[in-house]
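Input: a single structure, listed below in structure tokens.
For clarity, every value in this text was computed on a predicted model and none was experimentally measured.
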Amino acid sequence: MLRRLFLRAPTSYLQASHAYYFAPQLPTRVPPPAARSLSITRFLCSSSSSQVPNSTSIEHVEDDVNLSASPPAATISIDRSGLYNSPEHSHEPSPDSELIKHLKSIIKFRGGPISVAEYMEEVLTNPKAGFYINRDVFGAEGDFITSPEVSQMFGEMIGIWAMCLWEQMGQPNKVNLVELGPGRGTLMADLLRGASKFKHFVQSLNIHMVECSPTLQKLQYSNLKCEDENNTDGMVDKKTFSLLAGAPVTWHAALEQVPSGVPTIIIAHEFYDALPVHQFQKASHGWCEKMVDLAEDSTFRFVLSPQPTPATLYLMKRCQWAATEELAKLDQIEVCPKSMELTQTIAKRISSDGGGALIIDYGLNAVISDSLQAIRKHKFVNVLDDPGSADLSTYVDFASIRRSAEEVSGDVSVHGPITQSQFLGALGINFRLEALLQNCTDEQAESLRTGYWRLVGEGEAPFWEGPEEQVPIGMGTRYLAMAIVNKRQGVPVPF
């Protein structure tokens, strides 16, 4: 069936992506041999089998720490040796941005530090100055490149997965197709183009884009070839349709706003990694939450909370899900309450309405240590440097996603994680590549092969004959795929 899907899919649309993107050599962040000429998207370039080395921690100069009182500033220092500061992005003293003023005012008003989670949330989604809100941060000219921007084949494979799930659901006449954090809309556009010949499927679709950025909503509207219907009956609300498939498109700020009562297919690609995390560090008297405070020179710094915080409840919950020997190896732990809550919302929706969710992200099937990173213009920078000018992201805790879904509903089943390479390979991306190569120029063929390698390969492309600093790096094993489905539908392809 997969080969039939590929043969029927259109081959005239080819993306000629020549954007090569590079992360610097990071000996303190990235273990060899991957330290040379690292690239691609927002992937953390550390080993997929271990946590990020030399992570940022807060060291106590005095061994005896009084956790009942605020720790004096003199006893706390920050190890920034694992962070990269590019000269071209170094910031000379300058007037504070609106976001920096806002963050400082919050800390001063409260008379104390804020959590790393609140810092992340403000930096990324502050309504006026958040990183994602008023700019296009994707692509070669942005700060990072995601898999849909690498090759059209990625979105097409997601479309195959969605069609297979729709068939397992009994081919309902109406289904909600939801994408969380759609970026430019590239994934959804490629999905609809690839599925456009399967009329019964596309006619069943109601597309829902969960996006909080007005700037990105406009890009999605354009890339999906959207048009508003003529309002002839005096109705205030106009319906919007994508000309790629004739399906109605609606935008929402949150998943909860998507209408329920209809079978739902949810796509979450590189969405979980941007959800705010709380960080905890092991101290002499137990786990303390890492916070963001102001130093005497008004710069941002990390400190430890002297007493338990509300997020400690989530830390305790996450520790209950982990083995004792796993926790014993860790000095730092990240927990993401919003990930747990989002997963439970998804599981409840799938349990009641039917359908499934596909989650693809870089992460581990284990407790996450200190993975928070900042990327500006494809380079790692200090997490606290010029907040709002760099993307913040973390490794995704897939084990926590599984437990969160299973805890809230006995009517859903969780499958995976498997590597992105396994996922795309089982769906037949190699067949799709062969089909596209039959109808393309030499230039497009090179783009297709390098894009294919980046999606499913591992390490440097063995066929590359171009400049060494532009060698494509395969990230097929760095990304993981997981599915949550209603049990009545059986095991989803290709898990």
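By the neighbour-count criterion of 12 heavy atoms within 6.0 Å, atom CG of Asp442 is sparsely surrounded, having that number or fewer from other residues, nucleotides or ligands. The local environment of NZ in Lys317 is crowded, with over 12 non-hydrogen atoms from other residues, nucleotides or ligands closer than 6.0 Å.
Phe463 is listed as a side-chain neighbour of Trp453, based on a closest heavy-atom distance under 4.5 Å. Residues Pro259 and His252 form a side-chain contact, since some pair of their non-hydrogen atoms from C-beta on lies under 4.5 Å apart. Counting heavy atoms from C-beta outward, Val485 and Gln168 have side chains that stay 4.5 Å or more apart. A heavy-atom distance below 4.5 Å is found between the side chains of Met169 and Ile265. Side-chain contact between Arg193 and Lys225 is present, with at least one heavy-atom pair separated by less than 4.5 Å. Contact check for Leu124 versus Asp391: side-chain heavy atoms found under the 4.5 Å cut-off. Using a 4.5 Å heavy-atom cutoff, the side chains of Gln152 and Arg432 are in contact. Within the 4.5 Å cutoff, no side-chain heavy atoms of Gln171 are placed close to those of Phe201.
Listed here is the closest heavy atom pair of Gly416 and Met482: O-CE, 3.7 Å. What you find for Ala390 and Val123 is that their closest heavy atoms are O-CG1, 4.3 Å. In plain terms, the two heavy atoms of Ile368 and Val396 that are nearest each other are CD1-O, 3.9 Å. Nearest heavy-atom pair, Leu436 versus Glu156, reported as atom, atom and distance to 0.1 Å: CD1-OE1, 4.4 Å. Residues Glu256 and Thr345 approach most closely at OE2-OG1, 3.7 Å, considering heavy atoms. In this structure, Ala461 and Val471 approach most closely via the heavy-atom pair N-CG2, 4.0 Å.
Remark: the backbone N or O of Arg184 is paired with a side-chain donor or acceptor of Asn223 at under 3.5 angstrom. Side-chain atoms of Ser151 never come within 3.5 Å of backbone atoms of Gly451 as a donor-acceptor pair (strictly under, hydrogens ignored). A donor-acceptor pair under 3.5 Å is formed between the side chain of Glu326 and the backbone N or O of Val367. With hydrogens and angles ignored, the 3.5 Å screen pairs no side-chain donor or acceptor of Lys197 with any backbone N or O of Gly194. Checked by atom type and distance alone, the side chain of Ser242 pairs as donor or acceptor with a backbone atom of Leu224 at under 3.5 Å. Judged by distance alone, the side chain of Gln332 and the main-chain N or O of Gln279 form no donor-acceptor pair under 3.5 Å. Without hydrogens or angle criteria, Thr450 side chain to Glu446 main chain gives a donor-acceptor distance under 3.5 Å. At distances below 3.5 Å, not a single donor-acceptor pair connects side-chain atoms of Lys348 with backbone N or O atoms of Ser409. Within the 3.5 Å criterion, the main-chain N or O of Phe271 finds a donor-acceptor partner in the side chain of Asp361. A distance-only check finds a donor-acceptor pair linking the side chain of Gln217 to the backbone of Glu211 [under 3.5 Å].
If you take CH2 on Trp321 and CD on Glu406, they are separated by 9.5 Å, rounding to the nearest 0.5 Å. Of the inter-residue distances, the one linking Ile267 atom CD1 with Ile360 atom CD1 reads 7.5 Å to the nearest 0.5 angstrom. Here the NZ atom belonging to Lys487 is positioned 13.0 Å from the CD1 atom belonging to Ile350, to the nearest 0.5 angstrom. Atom NE2 of His278 is separated from atom CD of Glu334 by 11.5 Å, given to the nearest 0.5 angstrom. Note that OG1 of Thr240 is 9.0 Å distant from NZ of Lys238, once rounded to the nearest 0.5 Å. Interatomic distance, CZ of Phe241 versus CG of Asp228, reported as 10.0 Å (0.5 Å rounding).
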message = Checking Ile266 against Val258 for the side chain to side chain contact (heavy atoms under 4.5 Å, CB included) test, could you report, in this order, the C-alpha distance in whole Å, the side-chain angles of both residues, the deciding distance, and whether it holds?
response = CA-CA 11 Å; Ile266 299 171; Val258 176; over 6 Å; no
inquiry  = Using side chain to side chain contact (heavy atoms under 4.5 Å, CB included), reason through Leu427 and Trp161 one step at a time and then give a plain yes or no.
reply    = CA-CA 7 Å; Leu427 287 173; Trp161 182 85; 4.2 Å; yes
ask   = Is there a side chain to side chain contact (heavy atoms under 4.5 Å, CB included) between Ser393 and Tyr362 once you walk through the steps?
value = CA-CA 10 Å; Ser393 61; Tyr362 52 89; 2.6 Å; yes
inquiry  = If you apply the rule side chain to side chain contact (heavy atoms under 4.5 Å, CB included), what do you find for Trp251 with Tyr221, and how did you get there?
reply    = CA-CA 10 Å; Trp251 278 264; Tyr221 183 97; 3.9 Å; yes
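For the side chain to side chain donor-acceptor pair (under 3.5 Å) with Arg376, the qualifying choice from Asp385, Asp386, Asn382 is Asp385, the only one to do so.
Between Phe423 and Phe495, the ring planes lie tilted relative to each other; the angle falls in the 30° to 60° range. In this structure, Tyr479 and His269 have parallel ring planes: the angle between them is below the 30° cut-off, well short of the 60° mark.
A donor and an acceptor atom, one from each side chain of Ser421 and Glu458, are nowhere located under 3.5 Å apart.
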